[in-house]
Amino acid sequence: MEKTYNPKQFEDKLYKDWEEKGCFKAVRDDSKVPFTIVMPPPNITGQLHMGHAMDETLQDTIIRFKRMQGYCALWLPGTDHASIATEVKVVEQIKEEGLSKEILGREGFLDRVWDWKHKYAGRIVEQLKKLGSSCDWSRLTFTMDEKCSKAVREVFVNLYNKKLIYRGSRIINWCPCCKTALSDAEVEYAEEDGHFWHIKYYVEGEDKFLEVATTRPETMFGDTAVAVNPEDTRYKDLIGKKVILPVVNKAIPIVGDAHADMEFGTGVVKITPAHDPNDFEVGVRHNLPVVRVMNDDGTMNELAGKYNGLDRYECRKRLVEDLKAGGYLAGIEPHAHNVGHCYRCHSTVEPLVSKQWFVKMKGLARPAIDAVTYKKISFVPERFAKTYYNWMENVKDWCISRQLWWGHRIPVWYCAGCGKEICSKTDVSVCPDCGGTNLKQDEDVLDTWFSAALWPFSTLGYPDDTSDLEYFYPTDVLVTGYDIIFFWVARMIFSGIEHMRKVPFRDVLIHGLIRDEKGRKMSKSLGNGIDPLEIIEKYGADSLRFSLLQGVAPGNDMRYSDAKVEACRNFMNKIWNASRFVIMNTEGAEIKPLSEIRLLPADKWIISKLQSAIRDVTLALNKFELGIACQIMYDFMWSDFCDWYIELVKPVLKSEDKAKRDGAVSVLVFVLENSLKLLHPFIPFVTDEIYRNIPGTSGTIMTAEFPRYNSKLAYKKDALAFSGIMDIIKEVRAVKAEMNCPPSKKVHIYITTESKRLISANEDSILKLAGAKEIKFVHSASKAGENAVTIVLAIGTLYIPMGELIDIEKEKERLSGELERVTAEIARADSKLNNMGFVSKAPKKLVDDERAKLDKFIEMREKILKQLRALTK
RNA sequence: GGGGGCAUAGCUCAGCUGGUUAGAGCGCUUGCUUGACAUGCAAGAGGUCGAUGGUUCGAGUCCAUUUGUUCCCACCA
């Protein structure tokens, strides 16, 4: 093995090997319990970013853990066609060639998109592999695959037949740039500085006017009424009369409607049913005509008269000038308000009335809410259930049609002959009613999230009753960011319940966003994104993975920092070198099972620590607390195994006694092997590379069994006793450092203790690690001579003659400090134990522990006092 | 308007169902060619856990109020 950890030498090689060995494949095995994760499919247009890296790392860690535990673990990967995002990109691309959708036509354009898909969909897959993702690639699914299309049609037709899908003219969010309808979830609001334009609407036949305030004057061509609050004494007499729409010179009614807020603005609202959701409702209540004054591209239509053809903002500008010139403008005031933007192209969306397809949500939402309420599905962390309820309980009908070409086309045909609307799972060429053959399929495609909602079952073969579907569905855990709960998680839940009659997954593990070092969101426009592939190139995939997991609490955002990845890389190097040390020592040694070794105290201590690590890591992983699991392994590996055990065992490895040496090596190998297994789900590459270098192992660690806690190896008492040895080492080191005793100068240690055997058994280690020459058991301080430092420990009292290094005053100071500390501890424990409430109500073990602690500290205090007296003499 | 999150060492953050002497990484100080590792080792400094009040034998952890910060949802023209 090389001296330094160098991931480039083995990561790609190992990944290839895993693939060739078929380690990722999940095949139904009825002797095993299935464990399924479906991957949130990345967009085919996308490149791997830090968000993916975190998402995939979490999933891969969980699936590897479960696989090693013996589950039939399936991680099903896929890619998403991302209707709008992809179409926008391809439109941009062909634009450079002087082409457009219209020129190419539907067929021609779709050919170009498929070309794009074939070119780029593989890219993200390769990037996922770089991270070490152990997905079953043989099941790689694209959301436009045949099986997904089949599922989409099945679901659409079923919902249509249940009247849960309908077509109607409603207010929707329109993106004038993408020229398509959007769902509510696809609109992002941002506050913008705008204006209130106060416009005078004169009452018909009278000389007075109503002052109307609006932020979007250009929509006034679509005004079909003016509303005042029926309670509003200022205006209630006018209800039923008419006002004359300025510029247009059309009379429109004054209606009374509670929508008009007396407190806000002038209390008069212009009603534009075609361009405002609230106005639309008012329009319905008062039976007002719906007049749409804008084209699909955001320009004004012929109803805007002389402004016909102008862009909405240009129209606004000129109209305001004209209103001013005509004396209709009563004033302008600045006004900040929230404006909706398209989540793909960020253009300002235009609410407008349009004939679209909708999914009726109320009935679907109810059981989806119940599923979470009754814990059929759990959010981790739980607080995200609240986000989910909030959305589900207020959900409006879902606009699913998109005026795009790339996507699942709506399976509805219209008969030109009789006007019949036919919704069918298969293509229709003859009208079932009139027998006419002039049928046209609906031009629109479905929202990308419509097919994504079916992902947990469409990927497993739905609507067919496949063996896979029966075995792997419902899936176990869905891992995704909190930004995607509405788009996807919520929709999968109601879809799974509706179409499969079973929830799609049992747990939803929500993670946060990765931010940059300054805490800003990573975004293209800021240019602060960090490319995970560059990080992998520089530090290795394991380092990146570990940095994304360690010390991260579920659901919380984290900041990316090179320093952290570097620290993780150092950890990899640590593991690497510790392993190198162990493997070096296996040469010429005979590795035996633990049962055949006479275990030394240090051996039992590290084995005990290992058992705790196994127990705690398993527990944490089962609760999806990966950050904690990582921390446990980091501490165990670095502190317990490397800093302590390896150092403790070094003298043993140099022993003349071969049986002793073999024993030490065997324990080293045992602990290392188990640690690697525990670490493998997090850092698959380095653990496997090392594993293969350990004599006696075969195959890959990927298929090894995850360590199980063994109570027989817990050695709780031995471990506790051994910590006394560690105390001796730590304290001697500390005193030497404090007394400025050079490390090379070996000290003598005199001990009064009742643990002679334990200390003798570890003499070599103590001498080496504490930097001592010899240990002598004595009955009193006097043996150590005058200039001795006293260290009072639970295991015994140490006296270290420091010769000329000792400074009596300094030593007194040190002991006084100790005394202070111990006294404080006694006071704390004492007050606790004197508290009747504590003694009677706290668990017995806690009280006993406290008592033992008190005794220990009291004893220590006595010894320190005695020593102080001796010095003062 | 409604709902979250965060506030713990100089910096970035852990701390799960209340019970250890409150932890880690980085940074800082002091020392170390300790034959696995300087991507390292040892010793250390550094925190009234945002504030106030409450529940409890016991609160960083639970409740209320409050300050700052941040996000999401809704949206009054």
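Every chain is numbered from 1 and lettered A, B, ... according to where its sequence line falls, protein lines coming before strand lines.
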Task: A:T272 side, atom OG1; A:L288 side, atom CG - distance, nearest 0.5 Å - done: 10.5 Å
Task: Pairwise distance CE(A:M522) to CZ(A:R520) - rounded to 0.5 angstrom - done: 10.0 Å
Open item on the list: Strictly below 4.0 Å, N to O, side chains only: are A:K853 and A:D849 in salt-bridge contact?
Closed with: no
Open item on the list: Tell me whether A:K768 is salt-bridged to A:D764, with the criterion being a basic N under 4.0 Å from an acidic carboxylate O.
Closed with: no
To the side chain of [X], which of [options] is closest?
X      : options             : answer
A:E647 : B:C37, B:G25, B:A77 : B:C37
A:E825 : B:A36, B:U21, B:A24 : B:U21
A:N570 : B:A77, B:G15, B:U39 : B:U39
A:R580 : B:U39, B:C41, B:A36 : B:A36
A:R569 : B:U39, B:G15, B:A36 : B:U39

[atom1] atoms of [N] and [M], separation to the nearest Å:
N     : M     : atom1 : value
B:G54 : B:G60 : P     : 15 Å
B:U21 : B:G35 : P     : 38 Å
B:U34 : B:A51 : P     : 46 Å
B:C73 : B:A42 : P     : 49 Å
B:A22 : B:G15 : C1'   : 8 Å
B:G46 : B:C26 : C1'   : 14 Å
B:C62 : B:U39 : C1'   : 43 Å
B:U56 : B:G19 : C1'   : 12 Å

TODO: Go through the steps to decide whether A:F487 and A:Y343 satisfy the test ring pair (Phe, Tyr, Trp, His ring centres under 6.0 Å), and finish with yes or no.
DONE: CA-CA 12 Å; A:F487 284 118; A:Y343 84 136; 5.3 Å; yes
Open item on the list: Test of understanding: with side chain to side chain contact (heavy atoms under 4.5 Å, CB included), list the residues that count as partners of A:E192, not counting sequence neighbours.
Closed with: A:V339, A:H341
TODO: Nearest-nucleotide wise, let me know which of A:W644 and A:Y634 is further upstream toward the 5' end of RNA chain B.
DONE: A:Y634
Task: Most 5' of A:R383 and A:F581 on RNA chain B, judged by nearest nucleotide - done: A:R383
TODO: With a 4.0 Å heavy-atom cut-off, tell me which residues in residues 547-557 of chain A come close to RNA chain B, sorted by residue number.
DONE: A:G551, A:A553, A:N556
Just the table, please: protein N/O against nucleotides 53-57 of chain B N/O, every pair under 3.5 Å.
residue : atom : partner : partner atom : Å
B:C57   : OP1  : A:K841  : NZ           : 2.0
B:C57   : O2'  : A:N835  : OD1          : 3.4
B:C57   : O2'  : A:N835  : ND2          : 2.2

Are any of [X]'s side-chain N or O atoms less than 4.0 Å away from OP1 or OP2 of [N]?
X      : N     : result
A:R559 : B:C13 : yes
A:K386 : B:G4  : yes
A:K650 : B:A36 : yes
A:K574 : B:U39 : no
A:R821 : B:U21 : no

Open item on the list: Please list all pairs meeting ring pair (Phe, Tyr, Trp, His ring centres under 6.0 Å) that have one or both residues in residues 545-570 of chain A, counting only residues at least two apart or in different chains.
Closed with: A:F546-A:F571
State the pairing partner of [N]; accept Watson-Crick or G-U wobble contacts with both distances under 3.5 Å, and report none otherwise.
N     : answer
B:C16 : none
B:A77 : none
B:G35 : none
B:G27 : none
B:U52 : B:A64

- [ ] Measure from NZ or CZ of A:K574 to the centre of the six-membered ring of A:F641, then state whether that distance is under 6.0 Å and the direction lies within 45° of the axis.
- [x] no
Within 6.0 angstrom of [X] [atom1], more than 12 heavy atoms from elsewhere:
X      : atom1 : value
A:E587 : CD    : no
A:K200 : NZ    : yes
A:E263 : CD    : no
A:E382 : CD    : no
A:E517 : CD    : yes

Give one of base, sugar-phosphate or nothing for [X], where a contact means two heavy atoms less than 4.0 Å apart.
X      : value
A:C642 : base
A:S744 : nothing
A:T215 : sugar-phosphate

Distance in angstrom units between [X] [atom1] and [N] [atom2], rounded:
X      : N     : atom1 : atom2 : value
A:H335 : B:A77 : NE2   : C1'   : 8 Å
A:W638 : B:A42 : CH2   : C1'   : 14 Å
A:I485 : B:G3  : CD1   : C1'   : 13 Å
A:L854 : B:G19 : CG    : C1'   : 17 Å
A:I628 : B:C16 : CD1   : P     : 7 Å
A:D849 : B:G58 : CG    : P     : 20 Å
A:K3   : B:C37 : NZ    : C1'   : 8 Å
A:M726 : B:A43 : CE    : P     : 11 Å

Task: Under 4.0 Å protein heavy-atom contact, by nucleotide of nucleotides 59-74 of chain B - B base, S sugar-phosphate only - done: -------------SSB
I'd like a table of donor-acceptor pairs (distance under 3.5 Å, sequence neighbours excluded) in which one partner is a side-chain atom from residues 213-222 of chain A, with atom names and distances.
residue : atom : partner : partner atom : Å
A:T214  : OG1  : A:R216  : N            : 3.0
A:R216  : NH1  : A:E350  : OE2          : 2.5
A:R216  : NH2  : A:H275  : O            : 2.4
A:E218  : OE1  : A:R316  : NE           : 2.8
A:E218  : OE2  : A:R316  : NH2          : 2.9
A:T219  : OG1  : A:R216  : O            : 2.8
A:T219  : OG1  : A:K270  : NZ           : 2.7

TODO: Using the side chain to side chain donor-acceptor pair (under 3.5 Å) rule, take A:Y201 and A:D223 through it: C-alpha gap first, then chi angles, then the decisive distance, then the call.
DONE: CA-CA 11 Å; A:Y201 284 33; A:D223 289 1; 2.6 Å; yes
